[in-house]
S.K.: 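My questions all concern the structure below.
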Amino acid sequence: MSEYVPAIGLEVHVQLKTKSKMFCSCSTDFGAPPNTNICPVCTGQPGVLPTKNKKAIELAIRAGLVLNCKIQKYSLFARKNYFYPDLPKAYQISQYELPISKEGFLMVGDKKIRIIRAHLEEDAGKLLHYIGSTPVDGSLVDLNRCGIPLLEIVSYPDIDSPQMAFDYLKTLRRLLRYAGISDCDMEKGSLRCDCNVSVRKIGEKLGVKTEIKNMNSFKEVKDALTYEIERQTKVLKEGGKIFQETRLWNPKQGKTFAMRRKEEAHDYRYFPDPDLRPIFLSEEMISEQKKQIPELPADRKKRYTEMGLSEYQADVIIDEKELADYFEKVAENSNPCEAANIIITHLLRQINEKNIPYSQIPLNPQNLSELVNLKTDGKITPQIIKRIFPEMFEKNENPKKLLENIEVVSDEGEIKKIVMDAIQKNAQAWNDYKAGNEKASGRIIGFVMKQTEGSADPVKVKKILEELKNENFDS
Amino acid sequence: MSYFDEIKNYLERIKKQDKYNAFLEIFEQRALNKAEELDERKKRGEKLGNLAGIPVAVKDNILVKGEKFTCGSKILEGFVAPYSATVVEKLEAADAVIIGRTNMDEFAMGSSTENSAYGPTKNPHDLKRVAGGSSGGSAAAVAGDLVPVALGSDTGGSIRQPAAFCGVLGFKPTYGAVSRYGLVAFASSLDQIGVFAKDPDLLESVFDVIYGVDEKDETSHKIDTSPKNVAFQRIEGYPKIGVPKEFLNCSQEVREIFEKALKGFNIVEISLPHTEYAVAVYYIVAPSEASSNLARFDGVRYGRRIEGDDLISTYSKTRGHGFGEEVKRRIMIGTFSLSSGYYDAYYLKAQKVRTLIAEDFRDAFKKVDYIVTPTTPTPAFKIGEITDPLSLYLQDVYTIPASLAGLPAISIPAGKTKDGLPVGLQIIGKRNSDFMLLFHDIFYFTGEK
């Protein structure tokens, strides 16, 4: 029996990084008290009219460009009509037949995922349910989010595994953050993702798809897809049928549940919004956005590996633009590989432990590059770095100043005593080393460092070891 | 006389003499406050606006901040306007006095003001007859001399037809000449705010205040204002006037009055071949847009809500009780036309024919300066006389084409029937030629002055 393979297409909504909403001048600030960022326009009062946010259109152009899309010089807003209490006008202004950009692609590693379209639309409000509670018994609506500009990016079903969906989202997020298009923060709702997934036998045409909603993290997207693919495969293997339907992911149970069938789906009665003039884009507007695009993650990665960083190091460093920018400042005055090494081992650890955003790293790159230089000059051991780094990070200290406070054992006589002691306690390693196994010296050096809490000058330790070897010192 | 006394007189007159049901409410406090303010500013020697002290009545689908607002519907019962329409702000900035709101067909859907939830408006020339619609209240208020000027809105004839029935001037500007911000949308691609008056100069002064680009309305645009400077200059010879042959299937009496009014003009017979489809096109496009525009009246945020057992039944009860028959009928037609599987055959097709109608006008205006037609096929009919919706729709057969083409058009009194009922003549101008239309001598050639 041949195996089933999945075909996954993602619909990703990202909030465009604008100060004001899509069709009115209300603020887009996250976390404001309910119904404070609202006005007659975004609450759908009688008689109001929408007016387009220019910045949102510019960001949509930029997004189209970084997603390798064709930018449409003429595009239209359309009304998507449906009733729901979080939708004040009872229609969402979106784009339908003529989106601002279409037919692009995103490289996820070596795999090309094609993009059907990336179009502009406005967000709806948020319902808060207090059924059976006091003082409010019922549902309330918060319209702060209503009218916030979104870009919906729809991929072809080119994604063939949950892991690839995960990687696609990570790549997309990184790209949009680099280009200043969106924060893509799932927790703040500035990135949301719905999945279309079907399975089929290899070589057959696409199967019936289901749409999964309600995933709150990239990991949940992966989990939901894994579950849904297994579910569909099982149904088909048992001779059953997949229905085109919308399913909700329940993260607690780790399952998807049917919400509505295709025949129950809304007829949105799309038509061009007569209140809004078409979007006409000039060559200048498009080339201006081209200029606004900074060096993108893939190009940076290439440049970093050319600087000598490993694939892994480059991947970690480019993950966030702010970290990569920081790295570059450090690497300006020090060895890039060593800089990447220290950033990954020490800096990221501090950042993660203390939960500090990249924009607020207390340690300035200048001080860090001095540390890198001390390391490459052999003037400081990894152990000492480990010891001084937390303080250096927190207080933004110059490493040389911190080193002053650390007693460095540099008296050769004293070091020699410790080394000889170490040799005695690691006789086997010493014999191996003498026999020509260079690596065996590591155990002895490690022992010395442990004894001295890393304060022995490693260059001198090494020198003494070599001298003793030449003297054919016997343990 | 002080502004205060003058406005007080108007208010008294409306209270005593509005036997037409033209006004739904007078804004007594607002009007007197404004009048008082004008008196004070005058005393201080301040320069007052161009419309200082002129009372303006406003159709009840144009929002006036802080005042009750219904659109002639029960569904907005209790609603108070949270902001003022751009036109209202402009009028108040020009020191006009917003004196009250006038009756209308519910959500501007109708041709007789009989579809108002607050009773029909009667024609000042014959109280048994309708004032026309949907801006019947504004037309009757001006015709009955309750106010010198009133705002209305015109989607397919809602200013011109009641103006004709009531024997006053009714001007629908070029689509987009006047901001729609604060006008409750019926059919967004057709709606336009306009003016009723008896005095053409006053009508022009009010239009002069309200027209212009509004950053709150993307569909607003610049119109030609240069003809203002050549006002009252005759174009060499008489202007060439086109009379479309398709627009003469009116009543005998209307036709006679129309032809008499045009005597002595340089008349050219023209043809607008696609206008025979105008009513059909209009009753696809307008209800389609309306079905979406009126969806927001769902009882969730404002207006009257009737609770049901669940969300859907709350929606249907609220809207079922709140909207009148005609509004529901048009929402149904529009919802159907936009439905998947029907969109291409109805909405899309209608838009294509709409383009052909606009092209007919463009071609015609290569040959003539103005196009003149009767405003309506008949004079005002009796209240309750026409009950069949389709017959009522045909009331707008002469006014709809200019609406579909977005052209400026004015209805002016052309004469009266033997029974003393006014008959209107419609002059349609080129796109953006609003000032030309208002200024040109053509005003003064017709019927009664």
Side-chain angles (χ1 to χ4, degrees), chain A residues 23-25 35 38-54 77-93 96-97 124-125 127 129 131 138-143 146 262-263 265-280, chain B residues 61-63 69 71 76 79 81-86 107 176 179-185 187-191 214-221 285 288-289 291-303 311-312 314-316 319 334-343 347-348 351:
Chain A
F23 297 113
C24 64
S25 55
N35 295 314
I38 57 169
C39 74
V41 176
C42 57
T43 58
Q45 298 296 312
V48 295
L49 296 170
T51 47
K52 295 189 278 282
N53 182 332
K54 192 166 164 254
F77 281 106
R79 293 186 185 177
K80 180 179 181 179
N81 295 284
Y82 64 96
F83 286 96
Y84 205 62
D86 67 3
L87 192 68
K89 299 187 296 295
Y91 59 81
Q92 179 195 29
I93 304 177
Y96 186 56
E97 275 183 295
L127 287 185
H129 300 290
I131 313 278
S139 298
L140 300 178
V141 63
D142 175 8
L143 297 176
C146 194
K262 190 195 174 194
E263 47 273 24
H266 296 294
D267 178 355
Y268 292 118
R269 288 171 283 120
Y270 282 101
F271 74 107
D273 191 329
D275 287 333
L276 290 159
R277 296 165 79 96
I279 306 174
F280 293 102
Chain B
N61 60 351
I62 298 168
L63 283 89
F69 182 78
C71 284
L76 275 170
F79 183 75
Y83 70 99
S84 276
T86 297
F107 287 103
S179 167
R180 292 187 292 119
Y181 189 80
L183 165 70
V184 169
S188 314
S189 71
L190 295 156
D191 295 339
D214 179 7
E215 60 175 25
K216 291 180 188 150
D217 177 3
E218 283 199 359
T219 61
S220 67
H221 65 259
V285 173
S288 295
E289 293 180 10
S291 70
S292 172
N293 284 330
L294 268 60
R296 71 184 60 189
F297 303 103
D298 57 7
V300 173
R301 294 163 312 285
Y302 46 73
L311 184 61
I312 299 293
T314 299
Y315 282 148
S316 46
R319 290 166 65 80
T335 305
F336 178 79
S337 313
L338 291 176
S339 297
S340 117
Y342 297 100
Y343 178 85
Y347 188 78
L348 204 61
Q351 289 292 16

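Both backbone and side-chain heavy atoms feed into the values below; hydrogens, waters and symmetry mates do not. Throughout, protein chains are lettered first and strands after them, A, B, ... in sequence-line order, and every chain is numbered starting at 1.
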S.K.: Which heavy-atom pair separates B/Tyr343 from A/Tyr270 by the least distance, and what is that distance?
M.R.: CE1-O, 3.4 Å
S.K.: Report which part of B/Asp191 has an atom under 4.5 Å of a heavy atom belonging to chain A: side chain, backbone, both, or neither.
M.R.: neither
S.K.: Is B/Thr314 close to chain A through its backbone or its side chain, or both, or neither, when contacts mean heavy atoms under 4.5 Å?
M.R.: neither
S.K.: What part of B/Gln351 gets within 4.5 angstrom of chain A, counting heavy atoms only: side chain, backbone, both, or neither?
M.R.: neither
S.K.: Given a strict heavy-atom distance threshold of 4.5 Å, which part of B/Val184 is in contact with chain A: side chain, backbone, both, or neither?
M.R.: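 Both backbone and side chain of B/Val184 come within 4.5 Å of chain A.
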S.K.: With a 4.5 angstrom heavy-atom cut-off, could you sort out which part of A/Pro46 is near chain B: side chain, backbone, both or neither?
M.R.: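 Both backbone and side chain.
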S.K.: Would you say the side chain of B/Arg296 lies within less than 4.5 Å of the side chain of A/Val48, judging by non-hydrogen atoms?
M.R.: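 With C-beta onward as the side chain, the pair touches.
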S.K.: Which region of B/Leu63, side chain (C-beta onward) or backbone (N, CA, C, O), has a non-hydrogen atom less than 4.5 Å from a non-hydrogen atom of chain A, or is it both or neither?
M.R.: side chain
S.K.: Side-chain contact test, heavy atoms from C-beta onward, threshold under 4.5 Å: evaluate it for B/Thr335 versus A/Arg269 and give yes or no.
M.R.: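 A side-chain contact under 4.5 Å exists here.
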S.K.: For each of B/Leu190, B/Asn293, B/Ile62, tally heavy-atom pairs with chain A at distances under 4.5 Å, and name the one with the top tally.
M.R.: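 Counting heavy-atom pairs under 4.5 Å, the top option is B/Asn293.
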S.K.: Report which part of A/Arg79 has an atom under 4.5 Å of a heavy atom belonging to chain B: side chain, backbone, both, or neither.
M.R.: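 Only the side chain of A/Arg79 comes within 4.5 Å of chain B.
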S.K.: Restricting to non-hydrogen atoms, name the atom on B/Asp217 and the atom on A/Thr51 that form the minimum distance, rounded to 0.1 Å.
M.R.: N-CG2, 4.2 Å
S.K.: Heavy-atom pairs under 4.5 Å with chain A are the metric here; pick the option from B/Leu311, B/Leu294, B/Asp298 that has the most.
M.R.: B/Leu311
S.K.: Show your working on side-chain contact (heavy atoms from CB on, under 4.5 Å) between A/Gln45 and B/Phe79 and close with a plain yes or no.
M.R.: CA-CA 10 Å; A/Gln45 298 296 312; B/Phe79 183 75; 3.7 Å; yes
S.K.: Where do B/Ser188 and A/Asp275 come nearest, in terms of heavy atoms and distance?
M.R.: CB-OD1, 3.2 Å
S.K.: Please classify the contact between A/Asn81 and chain B as side chain, backbone, both or neither, with a heavy-atom cut-off of under 4.5 Å.
M.R.: side chain
S.K.: Which one of B/Ser340, B/Ser291, B/Ser189 has the most heavy-atom pairs closer than 4.5 Å to chain A?
M.R.: B/Ser340
S.K.: Taking the six-membered ring for Trp, are B/Tyr347 and A/Phe271 parallel (under 30°), tilted (30 to 60°) or perpendicular (over 60°)?
M.R.: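 Aromatic pair B/Tyr347/A/Phe271 classed perpendicular.
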S.K.: Is there a side-chain contact between B/Tyr302 and A/Thr43 in this structure, where contact means two heavy atoms from C-beta onward sitting under 4.5 Å apart?
M.R.: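 Counting from C-beta outward, B/Tyr302 and A/Thr43 never come under 4.5 Å.
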S.K.: For B/Phe297, which atoms come within 4.5 Å of any heavy atom of chain A: side chain, backbone, both, or neither?
M.R.: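 Only the side chain of B/Phe297 comes within 4.5 Å of chain A.
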